[in-house]
Asker: 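Could you have a look at this structure, given as structure tokens, before my questions?
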Amino acid sequence: MAPVSRTRDRPAFWSLRNFSYQAYRLKNRPELIIGVLALVFLGFVVMVPLLQIIKEAFTFQRYDLAYQPDGNVGGFTLLHFDRVFFQPISKALFFKPLINSLMMGVAVTAIALVVGFSLAWLMVRTNVHFKGTFGAMLVFPYMMPSWVMALAWLSLFKNDRIGGSEGLLTYMTGTQVPDWVAYGYLPIVFTLAMHYYAYAYLLISGALATVDSELEEAGATSGMGKWKRIRVITMPLLMPAIGSAIVLTFIRILGTFGTPALLGMPVRFFTFSTQIYASINARNQGDAYILALVLIVLAVSFIWINSRIIGVRKSYVTMTGKGFRKHESDLGKWRWPAAIIVILFLCITVALPLILLLWESLTLIPGNYSLSNLTSYFWAGQGNMQLAYGEPGVIHNRGILEALGNSIKLGFAAALFNGALGLLVGYAVVRGRGARLSRWLEAIAFAPYIFPSIALGAIYIGMFSTNIGPIPALYGTFTILILITVIKNLPFTSRTGIAAMLQIHQSLEETARVQGIGWFRRMFRIIIPLSMSGLVAGMLLTFITAMRELSLIILLISPGNNVLTGLIFGYQEQDMAQHSAAVTLMLVMFIILISVIVRLMSRRAGVGKLSVV
Amino acid sequence: MKLTRSRFLQLVTGTAAAAMFSSVATFSAAQDISAELEAWLVENSLGPNVVEEENWDDIVAAATEEGEVVIYSSSGRIAKLVDHFQALYPGITLTLFDLGSVKTIEKAIREQEAGIFNVDVITTGNSGQVIYELLGNNRIFNYVPAHFVDRIPVENRDPLLIRVNEAIVFFYNTDANPDGAPISNVWELTEDRFRGRVGIKDPMGSGSSLMGLAALVQNPDEMAAAYQRLTGEELVLGEGVPDAGYEFVRRMLENDIVIFKSGSKLADAAGAAGQEDAMIAMTNMTYISRNEDKGNVNAMMVDLDPVARMVYPTYMAIAANAPNPNAAKVLIAYLLGNPEMNLETELVKPYIEGDSFDMLQGLAPYHDAGSVSPRSDVPLPEGGEVWDDMVGWDISAEFMWEQGPKLRDFWMIYSSQ
């Protein structure tokens with residue numbers, strides 16, 4: 001068959017006619033402009049660190065001289081590639097931890113999804129008691145550092161393997177808890193699931209709130225049973241949110257460090273993240289970066305599978321501009337039992353860790369939980385040289401109050417910029433779905449999720465030490481803290497942005513366009529209000545993570561802009577347990593307070609109608 | 001060649017990729033002595049230009065002129081010194097970055113690679129990397145105040161000044177062992193009766209713990225001899241194990257040694273009062289002070305064959321191209337303590353108050369049992385007097401640099417079985 005030239009009857013690429021035609025097309029496709037701009041920006045702040053990681057993974061470092069004394073420092077090497085995959089050490093360094101991490105990831109994701117989904121359903125689609133209060137409190141566990149839950153687990157279940165004071169269960173029953181309950185896989189999975197179910201809960205409840213009950217009623221009219229309606233109508237509509245929740249949870253679990261280190265180490269349960277941490281700690285960057293790259297490849301393939309499943313089907317639009325009704329099913333006699341289950345759940349995940357923190361901050365001698373040992377010194381003390389190196393209590397401590405201000409500033413700024421960026425990325429990705437630009441943008445926006453935080457921070461020192469064109473040198477300023485936090489959290493907000501945008505039917509925007517309404521007004525009057533529920537959820541997540549972040553920013557902090565987590569790190573390092581507990585508690589309380597305020601305000605503003613967050 | 005759409009796109013993508021790669025490639029690793037650094041060294045009498053006599057008053061005056069000094073520290077306790085230092089040297093602002101040991105080194109290297117010279121003084125442990133990556137690459141320079149040279153033994157100031165020496169030791173619980181230490185030879189810990197009853201701070205996450213192990217591995221002949229003294233037999237190495245030092249590590253791991261993330265939690269676990277079957281803790285000697293703070297009943301094993309304390313140093317030095325070199329010198333002298341202090345000086349707790357603070361100066365927050373000043377004329381801290389009674393091995397920076405990675409690999413392989 002003779003090849004048919006398709007370009008013949010089109011104007012030549014560089015001709016004026018084509019140029020003006022393309023310009024006209026571009027004007028009507030704002031997602032292209034936004035997409036290209038976002039791609040260029042992200043290309044710089046995400047791709048350069050990624051390439052840097054790849055480069056350093058295959059560069060012979062000084063550290064490697066121990067393995068090859070005649071090696072050429074700075075030259076190309078496959079040493080670490082070889083070590084991670086093909087050497088006797090690979091089993092200990094890579095394969096076993098990988099299997100542990102994957103097993104952990106699958107179990108935690110499954111539990112988190114079931115828990116998050118059930119809770120979301122209860123809160124959005126039923127008339128369970130205390131919905132408002134529960135809805136807010138269910139996000140609290142995520143606002144605490146995940147190791148708090150692990151510490152709570154240890155104080156309940158620890159046995160004589162790690163000696164010292166007895167765990168509460170041993171103390172009360174006199175029997176030793178078996179190792180597999182106290183340490184390792186089981187407690188890690190449980191405590192992580194109780195922390196990370198928040199992703200599934202937030203995303204699914206956000207999506208559930210926008211599912212039009214009329215669709216389900218239509219199903220009922222055509223004779224579908226309750227379960228068939230859920231399977232055929234509701235579930236497919238929730239797929240983007242569920243998919244995002246799975247991706248976010250699973251990959252986050254692969255990268256999580258604190259809990260596996262605390263609960264896994266006593267029984268030598270090593271995970272991917274503990275091995276990366278150990279390599280970075282030794283400044284064995286080659287190993288660390290190869291492992292990090294494996295994580296990135298895992299995550300990208302995971303996202304690819306997810307977008308294959310969700311991307312090929314188009315029927316997820318739930319906001320169409322037609323009638324919208326929300327139906328709450330009556331739980332009947334199950335109203336109270338359901339509420340009690342939620343209360344018990346909140347006791348374990350919220351009250352228990354918080355009480356533990358509070359108690360710890362009130363003890364004179366840490367670890368002694370008797371009443372006679374209580375003191376308010378670490379909250380209200382003026383600074384006594386006999387205690388804690390004379391460090392004054394929280395409310396008299398200027399360093400702490402300053403750091404609190406900085407943390408809040410960072411949280412707000414990061415959340416705001418992140419919301420805007422996430423929205424734009426989501427818009428560009430969804431409206432341009434199917435095009436190469438859209439796929440690239442989606443992938444690149446997700447990449448920061450798996451960077452080892454400390455590596456990203458280290459690379460940013462080099463990138464922003466001098467001015468780049470019109471941008472002044474950011475290193476040493478507060479702006480770079482905001483920038484890196486925004487980038488690191490972009491995966492959250494771009495996922496929520498994409499999920500939110502997927503639900504808004506294009507016709508809504510097109511209607512406005514037909515009437516000659518410009519892009520900015522369309523954005524502010526249609527897109528932003530409709531995606532607000534998802535967006536606020538995403539921004540809240542960013543706020544929380546930004547307030548809790550440390551290893552990402554520690555290399556970039558200068559003393560004037562220290563944050564609370566930096567102080568906590570210092571207190572822990574100096575074994576000042578009560579100060580560390582008090583500041584942690586304060587951090588958690590402020591996160592909770594601000595989230596509740598934001599939630600109330602957004603409800604006032606009308607966002608709450610669509611949102612349970 | 002016709003410019004088609006796909007060619008145009010290729011061109012754009014290619015240019016962007018090239019720009020990105022080139023920006024990656026501009027990062028360099030090595031730092032030679034540049035003309036600028038050379039001049040800085042001459043001006044400040046550092047590196048090869050060290051002088052034997054210096055006019056201390058001139059240095060203090062120049063430091064006051066500079067008005068500021070920035071320190072990157074692996075230890076946060078230096079924060080306790082800020083007010084005292086600034087009161088003693090009015091006009092000099094002390095700015096502390098509390099970073100932990102890994103990040104101190106990482107930040108210093110990354111900044112210098114990027115041409116940023118913010119920091120004046122760097123103090124951190126991790127001997128292999130400090131000596132070979134920082135000092136060996138001209139990223140830091142040794143400075144010993146001339147009026148202290150005579151009071152610091154040469155091994156504590158050459159090649160690099162030590163700020164404080166600390167040690168990894170073995171603790172036992174005196175409630176569980178009322179008759180004294182349960183062992184007299186470290187090899188006893190590999191016996192079945194200590195199965196799962198020895199704890200160690202994770203050497204993969206803690207530099208000091210790794211250095212403690214390395215001090216044992218560094219002396220395989222003494223380790224083998226100690227084994228023979230205990231059992232009367234020659235040590236049989238496991239398959240593929242290079243020597244007696246590594247064999248000790250292997251047997252400890254095989255004997256189910258319990259790995260702790262935190263050294264202080266380990267000290268508390270071993271030392272909690274009232275235990276019958278308490279574990280032995282291999283951890284930092286300074287946690288003995290938790291006996292007082294937390295009611296632990298730990299004791300140190302003083303008579304151990306072949307070694308009772310494994311010493312690891314924390315260094316301090318002036319960073320290359322430091323913006324405030326004179327203030328850096330003043331700070332380093334301050335961290336060594338008051339020159340008027342001697343072995344007879346009366347020091348009372350709390351050391352960070354009153355006359356004791358004025359004597360100890362920068363040593364005050366570190367004047368704890370288990371920490372020892374590099375100076376030979378500073379009294380040992382209360383509770384830490386046994387330091388001199390214990391057989392101690394120092395870890396060599398060379399060994400850490402050349403063998404540390406292999407020891408880590410060894411630990412990783414055997415701990416995951």
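This structure is a prediction, so every number in the text was calculated from the model and none was measured.
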Asker: Among B/S415, B/G196, B/G207, B/A272, which has the most heavy-atom pairs under 4.5 Å with chain A?
Answerer: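 When all of B/S415, B/G196, B/G207, B/A272 are compared, B/S415 has the most.
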Asker: In terms of heavy-atom pairs under 4.5 Å with chain A, which of B/F260, B/Y414, B/F410 leads?
Answerer: B/F260
Asker: Work out which heavy atom in B/I109 is nearest to a heavy atom in A/R283; give both atom names and the distance.
Answerer: CD1-NH2, 3.7 Å
Asker: Once you round to the nearest 0.5 Å, how far does CD1 of B/I116 lie from CZ of A/F464?
Answerer: 12.0 Å
Asker: Calculate, to the nearest 0.5 Å, the distance between atoms CG and NZ belonging to A/L151 and B/K265 respectively.
Answerer: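 If I round to the nearest 0.5 Å, the distance is 6.0 Å.
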Asker: Taking side chain as C-beta onward, heavy atoms only, is B/R110 less than 4.5 Å from A/I459?
Answerer: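 A side-chain contact exists here, since the closest heavy-atom pair is under 4.5 Å.
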Asker: To check you understand the geometry: which heavy-atom pair defines the closest contact between B/V258 and A/P266, and what is its length?
Answerer: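 Between these two residues, the closest heavy atoms are CG1-O, 4.1 Å.
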Asker: For atom CZ of A/F95, decide whether the heavy atoms of other residues, nucleotides or ligands shown that lie under 6.0 angstrom number more than 12.
Answerer: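 Enclosed.
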Asker: Counting only non-hydrogen atoms closer than 4.5 Å, does B/T286 touch chain A with its backbone (N, CA, C, O), its side chain (CB onward), both, or neither?
Answerer: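 Contact with chain A: none, neither part.
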Asker: Is the shortest side-chain heavy-atom distance between B/K103 and A/I280 below 4.5 Å?
Answerer: no
Asker: Mind checking whether A/R161 and B/D256 have side chains closer than 4.5 Å, heavy atoms only?
Answerer: yes
Asker: If we define contacts as heavy-atom pairs under 4.5 Å, which of B/L96, B/L253, B/D98 has the most with chain A?
Answerer: B/L253
Asker: In Å and rounded to the nearest 0.5 Å, what is the CD1 to CZ distance from A/I89 to B/R408?
Answerer: 9.5 Å
Asker: Where is the tightest heavy-atom contact between B/W401 and A/Y63, given as atom of each residue plus distance?
Answerer: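 Heavy atoms only, the tightest pair is CH2-N, 4.2 Å.
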Asker: Can a donor-acceptor pair be found, under 3.5 Å and without considering hydrogens, that links the side chain of B/Q129 to the backbone of A/A282?
Answerer: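 Confirmed, B/Q129 side chain pairs with A/A282 backbone.
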Asker: Answer whether the closest heavy-atom distance between the side chains of A/R268 and B/I259 falls below 4.5 Å.
Answerer: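 A/R268 reaches B/I259 side chain to side chain.
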Asker: Any side-chain heavy atom of A/Y475 within less than 4.5 Å of one from B/E111?
Answerer: yes
Asker: Would you say B/N137 and A/R62 make side-chain contact, with heavy atoms under 4.5 Å?
Answerer: yes
Asker: If you round to the nearest 0.5 Å, how far is CG of A/L556 from NZ of B/K107?
Answerer: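 The NZ atom of B/K107 sits 6.5 Å away from the CG atom of A/L556.
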Asker: Measuring heavy-atom distances to chain B, does A/Q275 have an atom under 4.5 Å in its side chain, in its backbone, in both, or in neither?
Answerer: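 The side chain, not the backbone.
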Asker: Out of curiosity, A/L93 CG to B/M412 CE, how far, rounded to the nearest 0.5 Å?
Answerer: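 Those atoms lie 5.0 Å apart.
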Asker: When rounded to the nearest 0.5 angstrom, what distance separates CG in B/D409 from CG in A/D287?
Answerer: 7.5 Å
Asker: Can you find a heavy atom in the side chain of B/M204 that is under 4.5 Å from one in the side chain of A/M265?
Answerer: no
Asker: Checking heavy atoms, do the side chain of B/Y287, its backbone, both or neither come under 4.5 Å from chain A?
Answerer: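 B/Y287 touches chain A through side-chain heavy atoms alone.
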Asker: Above 12 or not: heavy atoms from other molecules or residues under 6.0 Å from CD of A/Q68?
Answerer: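 Yes, CD of A/Q68 has more than 12 neighbouring heavy atoms, counting only those of other groups under 6.0 Å.
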Asker: Do B/E133 and A/Q61 pass the side chain to side chain contact (heavy atoms under 4.5 Å, CB included) test, and can you show the C-alpha distance, the side-chain angles, and the key distance before you say yes or no?
Answerer: CA-CA 10 Å; B/E133 268 205 277; A/Q61 315 275 343; over 6 Å; no
